[in-house]
Structure formats: structure tokens, C-alpha cells
Protein chains: 2
Amino acid sequence: MFKVDNMHRPRSILLLPQHEHDPCSSCAARGYSVCSAIDDKDLGRLAATAIVRDIAKGETFIEEGDSASDFFNVTRGTVKLYKLLPDGRQQVTGFAGAGHFLGLAVSNTYAFSAEAIEPTRVCRFSRPKLRELLHDFPALEERLLQTACNELVAAQEQMLLLGRKTARERVASFLVNRLETAMPCAGPTDSVALPMTRSEIADYLGLTIETVSRTFSRFKAEKRITTPSNAEVVILDRPWLSGVAAGLQ
Amino acid sequence: MFKVDNMHRPRSILLLPQHEHDPCSSCAARGYSVCSAIDDKDLGRLAATAIVRDIAKGETFIEEGDSASDFFNVTRGTVKLYKLLPDGRQQVTGFAGAGHFLGLAVSNTYAFSAEAIEPTRVCRFSRPKLRELLHDFPALEERLLQTACNELVAAQEQMLLLGRKTARERVASFLVNRLETAMPCAGPTDSVALPMTRSEIADYLGLTIETVSRTFSRFKAEKRITTPSNAEVVILDRPWLSGVAAGLQ
DNA sequence: CAAAGCATTTGACCTGGATCAAGGAGCCAT
DNA sequence: ATGGCTCCTTGATCCAGGTCAAATGCTTTG
């Protein structure tokens, strides 16, 4: 079920300079992630601490309430973070892409569940190992604090969205946000990838599938966006969408 | 406009043991706040870094978007944290009581506004001074990270509330939450103090004043709570309220 | 390529909570 | 006390978005 990429490469770790085979030094997510707090020379140490794991689409690898034994760093794919009510109502609290650090909770149990919504790869750190790392690399702790603060700001913005924005404003915010934050690598395009389903978007925005779909349709009819496929949106009128997202218009 | 308490005391700092006049060693909020990460012997250093300031009810002392030059620690009173949309819609993202640390944002500008909803006292730290403190007391940084994580967990819980709970569930959650978290000092009473107005509760729960009021009235009619005054609620049936808050019943 | 199985779209209708509109009730300052 | 606040409650009505119900694709598999 899981494919670990390293298995497909010759394991000649003794013959080549270490960094050639160190999963961290070649990690595409390194630039955005908390790992950037660690110098190249110490990457070997980081690689030795982390366990790379591939996660299939649809697999839940963190369950709310479970004992929080590990921390994760997403290096590929996308993860949906969510909370459930006993009757099945779901609130998606965020989507975590490459570079995102998961498990930032002091408590002994996870406060949310996490499910891969496309083939995903994570680095896993056990709690004691992370503690060691934090002790040895104070810069890492500072970086984690930064990360936590940024997430806090994003969470407050999401509370504003959920508590006070209309359906139109929510969907516009979502699209603009995806364009701004989810695509640090892509060029100055106005194309947004949507690896999640309409249902997951709805659960993220506090709406229903039908309302999300209708709002997309209205934006299309008004020539503000086009949808080449269900998993892709092209933004035609970004200033207007930004205005709607901010609560104007 | 601002009353600094120290000005009202004789400045005999040279004549008495330092801790007698050190605002930190006698601070009621010290136990709950990030300051508990600092040893008693270093409290003088902390006191020298912080500037105590009293804030009148209704005064906004942090404005969203302003340059984030200072950090605050609430030591008395209650602060409302909120975000605004251009047309005046307001989302309260939290209420900060004694011990709460404000300004946990890496960015150069504040991500929210803060207004005292009752007479409040804060300790103010300038950004460079806090940076010095963090450098000298690594335990403080760890404590801040813990704090940030706890707030993140609370924020996710609030997203679930705003995105998926009914008005009844929201109000029940609010009351139960107040009982659990806002009163660490009080005994095992079922009385909840509400220093905020109905309007502020509504803006916190993503509802209107009217809905909050009607929901309180219904809980009263069902003998689940009583309201000795507008600023106080006594919970009569806590298990039931907890159930409603969790989405059962 | 047909059939099954989803995810998505669209339409018709319904409802929880918003909006609009009076009244009460506490709280100063005069 | 009394007038003038502001905050809170309650009632009547409305509507944005939810719910229910059918299509309509879009993949996948045989």
C-alpha cells in the first residue's frame, strides 16, 4: 500500500557523499518547512531522526483524541485536518501541503484528525526525538513558534470567515487564499489547483456541497472564473474576487 | 488618560527589599501566565523590562493593521480580541483574561484589535526587549510555544463551533467553556461571570444579539440556568449543557 | 462500450436564525 | 424621583442557505 521512494534507489550510502542520499537534503519541501531552521551540515542528524512514510489517498493517519505520540512534516501531497461532532458533522480546520508541520499540540492527545486527500508523504518524528532536536537546535524552536503564530493568524482569519462572511464571500476568500498561499512554487499564474472535493471545501467553509457548487456556478456565469476541470479553477477577475473576499461589493 | 499604578506608590525602591515593590513578584496573574517560566530570582529583570499600564473600559489599545511594536500580558480585567470587516461586521476571536499573552504574531502588524471590556491592567513589552528576554530565558520561549499551541487548539474548537454548531449548541459551549477555562481561581461553583455584553457574546459566537438573548431565555425556561444579573449566569444542569455543547441531545 | 459508482450540478421547497420593531429594565447624573 | 441613557428581551416577519430530490457528467471496471 505504501511506496517508499528510497527503496527504488540503490542503497550505496557508503560510496557517495552523505547528502546525495539524505532524504532531507533533497527534500523539495525543505525551503518552506520548519526544517529550514537547521543548517545543511546538520541535515544528516535531521534525516536520521525522521522516518519517511507514504500515505495513500483517503487514509487517516492522525485520529482526534488518540495519544499524540508523533509529529509530522508533510513533504508531498495534501492533508485535510478536521474535527467531528458525534452525529457526523465535520469541520475542516485546514489543508496542509508540503512544508506544513502537524501535531503542534502540547496536550497528550491530538486535537484533530488528519487524512491524506491525495498521495502524500510525511516525515514522522517521535515526541522524544523532537524534544532532543529542539534541545540541540534552538533555532528550530524559534521556527516552530513562528509557524504556530502564523497558524494562529490564519485561524483568526478563518473565524472571521465562519462567523461573519456570506457564502459568496467565503468561496471568494477560499479561492484568493489558495492563490496566495497554497502555491508558493508556481509562477504568477491565476490557476488554482483544488485537490479536495466540493464536500471538503464545504466542510472547510461551513457550508453545504450544494451552496459551494451554486456559488462556483454563479462566479462562472458572471465570468469571474472558469473551471477547466473539477480540480482546477482559473481566476479571471482577481481584483474583484479579492474585493468580495474582503467583504466589499 | 492612562493611570500607571506605580506612580501612586512611594518610590522607596532603594529602602526596601526589591521584591516588595517589584510588580511581578506580587502579580496575581503570575501563576497562569508565561511569566511562570521565569525563576523568582530573575523577576526583577522581568519587572524592569515590563511597563505596567491601566486601560479604561472601552479603550482599544491594539488596532488591527497597526505596526506591532509591543507585546502585552493581561494581569487584571478582560480584553476582547476582534477583527472587523469594512462594513462593520465584527468577529470576536477571543476574550483574554488575567495571564493571557497578547501579540503572538510574527508579522510586523497586528492581526486583530484589542479592547478592554472592563478596567484592565497589562504589562507591556517592546519587541526588542521581549527578544532580549527570549534570548536570556530559553524557558520563556518554550512557554510561549506552549501557549501558542493551546490557543491553536482553542481556535480549532471555535472553528468547529462557528462552522457546524447550532445556536443552542454555541451558547451551551460558551457557558460550559467559561466555567472550565475562565475561572481557574474560583472554587467548584457553577456560577459564570460574563463581563461582556450580549452583543460581544453574539460577535464571539457568530450570532445576533437577539438569538443569544432568546437562547438564554429558553435555557432559563427549561430550568438549565438562572441569571441573577445580566453579568452572571448560574448553571443548574451542567451535564445536560455539556451534552448540548458537544452536539448531543 | 456498457454498466456501475461516484462527484457534481441544478431545481423546488423549507427553516433556523437574521432583521425589523417595540417595549422593558437597570443605571447614572441631575 | 426623573429624565435620558444604554442594554436587554420579546414578538412578527423575512430570507440566505439548508434540505430533499433529480438529473448529468466523469471514471473505473468488466
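Within every chain, numbering begins at 1; the chains are lettered A, B, ... in the order of the sequence lines, protein sequences first and strands thereafter.
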Taking for A:T227 and for A:R164 the nucleotide of DNA chain C with the nearest heavy atom, the one nearer the 5' end belongs to A:T227
Would you indicate, yes or no, if C:dG17 has its OP1 or OP2 atom less than 4.0 angstrom from a side-chain nitrogen or oxygen of B:T211? no
Carboxylate-amine/guanidinium contact B:D54 B:R76, below 4.0 Å: no
By nearest-nucleotide position on DNA chain D, the 5'-leaning member of A:R170 and B:K220 is B:K220
B:R198 CZ to D:dT10 C1', in whole Å, measures 14 Å
For the pair made of CD1 in A:I201 and P in D:dG17, what is the distance, rounded to whole Å? 17 Å
Could you give the CD-to-C1' distance, from B:E169 to C:dG16, as a whole number of Å? 12 Å
Integer-rounded Å distance: D:dT6 P and B:I209 CD1: 13 Å
Just the rounded figure in Å: distance from P of C:dG5 to CG of A:N230. 21 Å
Assign A:T166 to base, sugar-phosphate, or nothing according to its heavy-atom contacts below 4.0 angstrom with the strands shown. sugar-phosphate
Got a salt bridge between A:E200 and A:K80, using NZ or NE/NH1/NH2 to carboxylate O under 4.0 Å? yes
Could you check how far NZ of B:K57 sits from P of C:dC27, rounded to whole Å? 11 Å
In whole angstrom, give the distance that lies between atom CD of B:E210 and atom C1' of D:dG11. 11 Å
Examine C:dG17: is either OP1 or OP2 under 4.0 Å from a nitrogen or oxygen in the side chain of B:T208? Give yes or no. no
Assert yes or no for the condition that the ring centre distance of B:F101 to B:F72 is strictly below 6.0 Å. no
Any Lys/Arg nitrogen of A:E210 or A:R214 sitting under 4.0 Å from an Asp/Glu carboxylate oxygen of the other? no
Output the rounded distance in Å from CD (B:E232) to C1' (D:dC8). 17 Å
Side-chain H-bond candidate by donor/acceptor type, A:S113 with A:K83, under 3.5 Å: no
Respond yes when some side-chain nitrogen or oxygen of B:S217 is under 4.0 Å from OP1 or OP2 of D:dT10, and no when none is. yes
Determine: side-chain N/O of A:R214 to OP1/OP2 of C:dT10, distance under 4.0 Å, yes or no. no
